[in-house]
Amino acid sequence: KRGKYVEKHPQNKDSNSLNIVLGLSNGKVYLLKKILNKNIKAQSINQITELMNWCRSSGIKIPKLYPTKNGEYFILRQDNFWILMEYIDGMFFSGKYNQLDETALACGKLLRALSDLPKQLRPLKFKDPYFTAHENEIFSKLKISQPEWKKIFGESFSYKLSSNWDYLADQWKYINSHSFITDKYNSVIHHDLHPHNFIFSENKTYIIDYESIVIGPSQSAIGFAIIKLIKHMYDTSSKKYTNNEISGLSHEWISSVRNTFPLLAKENEIEIFGRAEVFRRFLSMSNKAILNIPSSFNGPEVHLDSLFIADRIFKK
């Protein structure tokens, strides 16, 4: 009752959650998260909040959760889950070199903590192996629909897609030539470590979006993160990085993660899993465009460009 509405972050049309920033008359600020109760159960929400509290108690920088009167960390109202947490007033990853180093340390610490997660807190959701039958169908459908690309994607991207189709076909073949991407992995990971899920505030680095913690390959989490972080650096910096500089930065980042999280996987596996995750998102966004489903997330072009950056990172 003492609260005052301050800011409402627009909800993505294809997102399952909404964030609302609440400022109280006493000057305190909180983040109220609304999660749609359509594809998630109370058991999963309870597990997410318990996992977050465990990570925080293990020294991971994470927003504090506030319990209800009955001790739970969520409320179910009108088919929506509501979670109240600390509002972190900071900035997202902007592409600065010192921030890149901090993301490596934060990523390694989180993966290390998640590797020691108690059995009862392990997430219920498994990440699908690459690539599902549905994803294979999407790739075939994309190829067949080439005469309609201008109508589907617009003239600019349809030209870019056409010019790089042989490249995409080679990437698809290259990724799928590595049988380990179809194996089942049992690590607990945050599978969406992109620039906007790192927040820098008061010399601390926070990782957010704990709904993205699933069971899957650690190589995927690390590979996808470095591709997206380096791409953001490349896109936002006035400095024109050479291929050697980009490769050097990524190698340094992966080594820094390994110093905290002793992953035994070869760098080749990190590369292939990173490319596979980018390609998976390229397929997902392409399929939305083909089906004319509006999306506020990054379109297929961003993920195609991410594959180009992966070439520079891994010197292909």
Side-chain angles (χ1 to χ4, degrees), residues 93 95-97 99-101 103-104 107 130-131 135-136 138-139 142-143 146 149 153 156-182 191-196 217-258 263 265-286 289 297-316:
F93 176 73
K96 295 179 181 178
Y97 174 78
Q99 288 184 343
L100 184 68
D101 186 51
T103 62
C107 179
Y130 303 96
F131 287 97
E135 288 167 335
N136 277 274
I138 293 172
F139 187 67
L142 181 61
K143 181 179 180 180
Q146 185 166 2
W149 281 356
F153 300 109
S156 177
F157 182 59
S158 65
Y159 175 77
K160 186 174 184 177
L161 187 59
S162 179
S163 301
N164 290 283
W165 181 254
D166 288 343
Y167 168 81
L168 273 170
D170 287 343
Q171 283 284 302
W172 179 253
K173 184 177 179 181
Y174 175 59
I175 295 169
N176 282 284
S177 68
H178 297 81
S179 60
F180 56 73
I181 66 169
T182 63
H191 78 98
D192 203 20
L193 294 170
H194 58 71
H196 283 170
S218 300
Q219 302 95 311
S220 172
I222 295 171
F224 177 74
I226 189 55
I227 290 172
K228 286 298 182 180
L229 291 169
I230 291 290
K231 182 182 184 302
H232 194 71
M233 286 186 72
Y234 183 79
D235 289 345
T236 59
S237 176
S238 58
K239 175 180 171 59
K240 298 300 179 184
Y241 290 99
T242 66
N243 288 356
N244 284 338
E245 287 174 325
I246 287 177
S247 180
L249 285 172
S250 63
H251 181 75
E252 182 181 332
W253 190 89
I254 293 171
S255 296
S256 183
V257 172
R258 287 182 186 273
L263 177 67
K266 299 176 181 178
E267 191 158 325
N268 176 56
E269 292 182 12
I270 293 174
E271 173 199 346
I272 300 304
F273 272 109
R275 289 181 185 272
E277 183 61 28
V278 170
F279 211 112
R280 166 168 280 172
R281 297 183 188 219
F282 167 79
L283 290 174
S284 175
M285 292 299 102
S286 295
F297 289 148
N298 291 329
E301 185 171 7
V302 170
H303 302 301
L304 175 58
D305 290 342
S306 295
L307 288 173
F308 296 154
I309 289 294
D311 291 341
R312 303 183 68 178
I313 290 173
F314 300 105
K315 292 187 175 181
K316 302 296 181 185

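All heavy atoms count here, side chains included; hydrogens, waters and symmetry mates do not. Residue numbers count from 1 along this sequence.
When each of Lys228, His232, Glu301 is paired with Ser306, the side-chain hydrogen bond (donor to acceptor under 3.5 Å, both in side chains) condition holds for Lys228 and for no other.
Looking at heavy atoms from C-beta onward, His178 lies out of side-chain contact with Phe273 at the 4.5 angstrom threshold. Counting heavy atoms from C-beta on, the side chains of Pro217 and Phe180 never come closer than 4.5 Å. Between Leu161 and Leu142, the closest side-chain pair of non-hydrogen atoms falls below 4.5 Å. Looking at heavy atoms from C-beta onward, Phe279 lies in side-chain contact with Phe131 at the 4.5 angstrom threshold. Ile270 places a side-chain heavy atom less than 4.5 Å from the side chain of Arg258. Side-chain contact check for Trp253 versus Ile230: every heavy-atom pair is 4.5 Å or farther apart. Inter-residue side-chain proximity for Phe93 and Met233 is flagged as met; some heavy-atom pair is nearer than 4.5 Å. Within the 4.5 Å cutoff, no side-chain heavy atoms of Ile254 are placed close to those of Leu263.
How far OH of Tyr97 is from OG of Ser237: 13.5 Å, rounded to the nearest 0.5 Å. Going from atom NZ of Lys231 over to atom OG1 of Thr236 covers 9.5 Å, rounded to the nearest 0.5 Å. From Lys96, atom NZ reaches atom OG1 of Thr103 across 14.0 Å, with rounding to the nearest 0.5 Å. Here the straight-line distance linking atom CD1 of Ile272 with atom NZ of Lys266 works out to 12.5 Å at 0.5 Å rounding. Here CD of Glu277 is found 13.5 Å from CD1 of Ile222. Values are rounded to the nearest 0.5 Å. Here the NZ-CD1 distance, from Lys240 to Ile246, works out to 10.5 Å after rounding to the nearest 0.5 Å.
Summarising the geometry of Val257 relative to Ala104, their closest heavy-atom pair is CG2-O, 3.6 Å, with the distance given to 0.1 Å. Across every non-hydrogen atom of Phe282 and Pro300, the tightest pair is CD1-O, 3.4 Å. Listed here is the closest heavy atom pair of Ile138 and Leu283: CG2-O, 3.6 Å. In terms of heavy atoms, Asp101 sits closest to Ser256 at OD1-OG, 4.1 Å. Across every non-hydrogen atom of Ile181 and Ile175, the tightest pair is CD1-O, 3.6 Å. Asn268 and Tyr174 make their closest contact through OD1-OH, 4.3 Å (heavy atoms, listed as atom of the first residue, atom of the second, distance).
Panel note: side chain Ser162, backbone Ser158; no donor-acceptor pair is recorded below 3.5 Å. No donor-acceptor distance shorter than 3.5 angstrom exists from the side chain of Ser284 to the backbone of Arg280, with no hydrogens or angles considered. Ser247 contributes no side-chain N or O that, together with a main-chain N or O of Asn243, makes up a donor-acceptor pair within less than 3.5 Å.
For the pair Arg275 and Phe314, the cation does not sit on the ring face, since its NZ or CZ is not both under 6.0 Å from the ring centre and inside 45° of the axis. A cation-pi arrangement is not found for Lys143 relative to Phe139, the charged atom failing to lie both closer than 6.0 Å to the ring centre and inside a 45° cone about the ring normal.
A side-chain N or O of Arg312 and one of Tyr234 form a donor-acceptor pair less than 3.5 Å apart.
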query = Run the side chain to side chain contact (heavy atoms under 4.5 Å, CB included) check on Lys160 and Asp305 step by step: do they pass?
reply = CA-CA 10 Å; Lys160 186 174 184 177; Asp305 290 342; 2.6 Å; yes

key: Steps toward side-chain hydrogen bond (donor to acceptor under 3.5 Å, both in side chains) verdict (Asp311, Tyr167)   = CA-CA 11 Å; Asp311 291 341; Tyr167 168 81; 2.7 Å; yes

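Residue-environment remark: NE2 (His251) stays at or below the threshold of 12 foreign heavy atoms within 6.0 Å.
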